[in-house]
Trainee: 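Shown below is the structure under consideration.
Protein chains get the first letters and strands the later ones, always in sequence-line order, with residue 1 at the start of each. As the structure is a prediction and not an experimental result, all values here were calculated from the model. Side chains included, hydrogens not; waters and symmetry mates left out as well; all remaining heavy atoms used.
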Amino acid sequence: MTERHQTLQSIEEHWQAVWEEQKLYKASEEPDAQEYYCLEMLPYPSGRLHMGHVRNYSIGDVVARFKRMKGFNVLHPMGWDAFGLPAENAAIQNKIPPEEWTQRNIAEMRAQLKRLGFSYDWDREIDTSQPEYYRFTQWLFLKFFERGLAYRKRATVNWCPSCQTVLANEQVVAGECERCGTSVTSKELEQWFFRITDYAERLLANLDKLEGWPERVKTMQRNWIGRSEGVEIRFPLAGRDGDLTVFTTRPDTLYGATYMVVAPEHPLVPELIEGQPHADEVRAFVERVKQQDEIVRAAEDRDKEGIDTGAKCINPATGEEIPIYVGDYVLMGYGTGAIMAVPAHDTRDFAFAKKYGLPIRRVIAPAGGVEGELTEAYVDEGIMVNSGEYDGLPSTEAWERIADWLEAQGLGRRKVQYRLRDWLISRQRFWGAPIPIVYCADCGIVPVPEDQLPVLLPKSAHFEPSGRSPLVDAPEFVHAECPRCGGPARRETDTMDTFVDSSWYFLRYCDPRNDKQPFAREKADYWMGVDQYIGGVEHAILHLMYARFFQMVLYDMGLVGVEEPFVNLLTQGMVLKDGAKMSKSKGNVVDPNHIIEKYGADTTRLFVLFAAPPERDLEWSDTGVEGCYRFLNRVWRLAEEWIPKVADVSPTGPGTEVEGPHHEIRGLLHRTLAKVTSDIERFHLNTAISAIMELVNGVYAYKERPDADPRVIREILEHLALMLAPFAPHLAEEVWHRMGMRESVHRNPWPEVDAKVARVDEVTMVIQVNGKVRSRITVPRDLDEESVRERALSDPKVVEQLNGKSVKRVIVVPGRLVNIVVG
RNA sequence: GCCGGAGUGGCGGAAUCGGCAGACGCGACGGACUCAAAAUCCGUUGAGGUUCACCCCUCGUGUGGGUUCAAGUCCCACCUCCGGCACCA
């Protein structure tokens, strides 16, 4: 093993050097060529690549190399999502500046990517933490600000006590910090937001147009956006002015609203309890609920709690006075923070009404009629009852009629409600793009003028976590001059969420060295949208929705010509070991470096492509890697043995006729080529590889024939190099050159299938009797149905099976099977 | 609870349209080469049955029904696992 291993190693490093020197993968805008933008999600420079990266980038590299050979002008870039917390944590722990730590990691990981031989255009490499990049992140912030899409407000926000910063809703997963897993608490703070909710409808509607996206991801985004149609209804307060507005998706149940519930944080609460006998108790309850953790309050099977405010309002449909409760199951963050409670037809209201002895009135009867007392809420559609003039109507119709009536009375209006919240983008951290804003005592919030960008991060800062940005303690950063009045001013010390950086990087790749603009429109027009985007499904909501939002805003600003950034999306599965995701805490991490060292880049890549289809999770297997290594060596030995013998031979090809076994092996070659081509196109990379393996197995048998035709073997070797090029680029290149080729195999066009050669002349057809396989016959491919039928019926095994029974029916599937139905 | 995806040999996985279930790889077993081993090459390998002299039979794709000449694939009901959302009114 060691000697051969040495050879493969030196092959890889040799070709990597050659490719780099020749800038083989450099992309430029060529108006006449068909462009293809192949993009993989850029990594965070955490230190070293993990197997998930290797898998992601191996898949992308197959696509890029294949499309290049197919004649496309391919853009295949790579860069670094280099801002982020780990760098700052490293600074705190090891006293290394974040910049230095980050650059060190980038250097390491870049070397790993190069060692794996991925076909990136390194001249387009970007680093989001460099001023050349983040000045335009800041520029885009200013544009958002100009358009009213970036704004500041005081709000209850998610706070991660460990990261010491606020988080966007999307970054809270099951009540925990997406990054570190710490339970998230809430804080009331003044923060910067992006008005993504303005785009909720478009973000949702456009999903239907994204035919190249997995249904799964689209569903996740739809759920996240959470559109629902309903009516906002004003309930007049009893015995005083004012009213309480609620949002409901069930106006048809209005007659069944027997009480109201408001969120503890609802602004009307103090007013409602003013002068009420139990005001102090209500106040105490509200305080207690507010203290509770978000997660505790949102916990699944938690008993709902509430208290009567003493205030009442009037149900506009029935004219009844109904009580107003404060309840912990109503959230201030959704709708109006108040609900009309219909216990008969809502499970939550039902539980609450039971607990506090509130009236339950059925207003919708199931189709089968009403029997007995309600034991649980009836939430389905039905026929209206106890609803005045609407009785007897189907509830769906009453929905519309009641909504009409409310609108006519000025008591309500139809409304579309979204679950999506605005994107909280400010972070109380150092290692991010500073928000380009200055606070002036006289002028207020003043944007930094474009010509003063970038707002640079100071060279040094104190990184002890304090719950506020380390920038606060960097006086040279904080002290500023007001751009408007020239007076003393204070610079914004929060930095931007790193998801802002990665929401437009794919545009920067189109024009990465532009120092005047984020990118030139014509370059973006040439390359965008991304023809194939590849990454982990964990970004289904976060990154993929933010990036879509950015693209839409930029589209509205006229900076780009397409509304959606990613035409086709492939979400790759995780890399598992022993059935679990690789993680340091489980101690099941396989370091790509070790595998590359032991087997080389080609083997490493081949294994992650072969062991599972890209979309599925991949179970790591050491012996599986061995198998791939064996296969590549098998190819290598075949080449070593035969290249000397075919050096001066011209290969068989279009127009050459060979017969018998020679024709057969050529047939296998061309059928393999057809399968590999279509398999790559539909991302069945594992079966593409297995097809090549089968071909190699076939050639191993063929080459042992005393009459093996060198011309045929030459044709096979050439095609083998071409087919392997996307999967094992180094070995393919070596074999290719050893056959005397001058140009790179990666510059060669993808070969064409010779359909005539690929076609099989004889096919084996299965003969079934009553659906059970009883025999097989070999027939000429195009034999007509009648003859097939005759041959099948006269087959000895079939005759034996028929044995006097009468043939009722014969089904012939051309080229496949015959089914004889007997009685 | 709602939404999405998946259940196939000892293991990873194949099977474009409803048409030979288990391609390819791993593992295992047997053989060749070798003084021996490694490497390599060649075979066998779903389970059970049968004089496996390679012929043949039965069963078999999570479970139970169904449609069909024919079902891993389509339909109905259910079970298990994974992912997302979850007091969203």
Trainee: Produce the list of close N/O pairs, under 3.5 Å, pairing protein atoms with atoms of nucleotides 3-12 of chain B; give distances to one decimal.
Mentor:
{"residue": "B:G12", "atom": "O2'", "partner": "A:Ala611", "partner atom": "O", "Å": "2.7"}

Trainee: Can you tell me which stems RNA chain B forms when a stem means 3 or more consecutive Watson-Crick or G-U pairs under 3.5 Å?
Mentor: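 Stems (3+ consecutive pairs) listed as B:1-7 with B:79-85, B:10-12 with B:24-26, B:27-32 with B:40-45, B:46-49 with B:56-59, B:62-66 with B:74-78.
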
Trainee: When the C1' atoms of B:C76 and B:U67 are considered, how many whole Å apart are they?
Mentor: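 That atom pair is separated by 11 Å.
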
Trainee: Could you tell me whether A:Pro613 contacts a base, only the sugar-phosphate backbone, or nothing, with contacts defined as non-hydrogen atoms closer than 4.0 Å?
Mentor: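 The answer is sugar-phosphate, as A:Pro613 gets under 4.0 Å only of primed atoms, P, OP1 or OP2.
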
Trainee: Check nucleotides 65-72 of chain B against the protein and report each pair of N or O atoms closer than 3.5 Å, with its distance, or say if there are none.
Mentor:
{"residue": "B:C69", "atom": "OP1", "partner": "A:Arg809", "partner atom": "NH1", "Å": "3.1"}
{"residue": "B:C69", "atom": "O2'", "partner": "A:Asn819", "partner atom": "ND2", "Å": "3.1"}
{"residue": "B:C69", "atom": "O2", "partner": "A:Asn819", "partner atom": "ND2", "Å": "2.6"}

Trainee: Among residues two or more places apart or on two chains, list those pairs meeting ring-ring contact (aromatic ring centres under 6.0 Å, His included) that have a residue in residues 670-689 of chain A.
Mentor: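 Listed once each, the pairs are A:His670-A:His719.
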
Trainee: Indicate, with a heavy-atom threshold strictly under 4.0 Å, whether A:Arg816 touches base, sugar-phosphate, or nothing.
Mentor: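 It contacts sugar-phosphate atoms only.
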
Trainee: Could I get the full list of salt bridge (charged side-chain N to carboxylate O under 4.0 Å, His left out) partners for A:Arg791, not counting sequence neighbours?
Mentor: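 Testing A:Arg791 for salt bridge (charged side-chain N to carboxylate O under 4.0 Å, His left out), a comparison that skips the adjacent residues, returns none.
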
Trainee: Provide the full list of side-chain hydrogen bond (donor to acceptor under 3.5 Å, both in side chains) pairs with a residue in residues 692-701 of chain A, sequence neighbours left out, each pair given once.
Mentor: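 For residues 692-701 of chain A, and leaving out neighbouring residues, the side-chain hydrogen bond (donor to acceptor under 3.5 Å, both in side chains) pairs sorted by first residue read A:Arg634-A:Asn697.
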
Trainee: Can you name the salt bridge (charged side-chain N to carboxylate O under 4.0 Å, His left out) partners of A:Lys355, sequence neighbours left out?
Mentor: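 For A:Lys355 the salt bridge (charged side-chain N to carboxylate O under 4.0 Å, His left out) partners, ignoring immediate neighbours, are A:Asp303.
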
Trainee: Under the rule for salt bridge (charged side-chain N to carboxylate O under 4.0 Å, His left out), what residues qualify as partners of A:Glu215, not counting sequence neighbours?
Mentor: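 Testing A:Glu215 for salt bridge (charged side-chain N to carboxylate O under 4.0 Å, His left out), a comparison that skips the adjacent residues, returns A:Lys218, A:Arg222.
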
Trainee: Should B:C17 be called syn or anti, with syn set as within 90° of 0?
Mentor: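 It is syn.
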
Trainee: For residues 540-547 of chain A, which side-chain donor-acceptor pairs fall under 3.5 Å, sequence neighbours excluded?
Mentor:
{"residue": "A:His543", "atom": "NE2", "partner": "A:Tyr533", "partner atom": "OH", "Å": "2.7"}
{"residue": "A:Tyr546", "atom": "OH", "partner": "A:Glu170", "partner atom": "OE1", "Å": "2.8"}

Trainee: Could you tell me which residues satisfy ring-ring contact (aromatic ring centres under 6.0 Å, His included) with A:Phe285, sequence neighbours excluded, listed by chain and number?
Mentor: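 Testing A:Phe285 for ring-ring contact (aromatic ring centres under 6.0 Å, His included), a comparison that skips the adjacent residues, returns none.
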
Trainee: Kindly say whether, by distance alone, the side chain of A:Arg776 makes a donor-acceptor pair under 3.5 Å with the base of B:C20?
Mentor: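 Such a pair exists between side chain and base.
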
Trainee: Using salt bridge (charged side-chain N to carboxylate O under 4.0 Å, His left out) as the criterion, list what pairs up with A:Asp243, not counting sequence neighbours.
Mentor: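 With neighbours one apart ignored, the set is A:Arg234.
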
Trainee: Distance-only check: which donor-acceptor pairs under 3.5 Å involve side-chain atoms of residues 807-823 of chain A, not counting sequence neighbours?
Mentor:
{"residue": "A:Asn819", "atom": "OD1", "partner": "A:Gly771", "partner atom": "N", "Å": "3.0"}

Trainee: Can you check side-chain contact (heavy atoms from CB on, under 4.5 Å) on A:Leu673 and A:Met723, steps first, answer last?
Mentor: CA-CA 7 Å; A:Leu673 177 58; A:Met723 285 190 284; 3.9 Å; yes

Trainee: Between B:C42, B:A89, B:A15, which nucleotide has the shortest distance from any of its atoms to the side chain of A:Thr249?
Mentor: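 Between B:C42, B:A89, B:A15, the one nearest the side chain of A:Thr249 would be B:A89.
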
Trainee: Expressed in whole Å, how much space separates the C1' atoms belonging to B:A70 and B:U80?
Mentor: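 About 29 Å, rounded to a whole number of Å.
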
Trainee: Any luck finding a side-chain donor-acceptor pair between A:Asn315 and A:Tyr255 under 3.5 Å?
Mentor: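 Looking only at side-chain atoms, A:Tyr255 and A:Asn315 do not form any donor-acceptor pair under 3.5 Å.
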
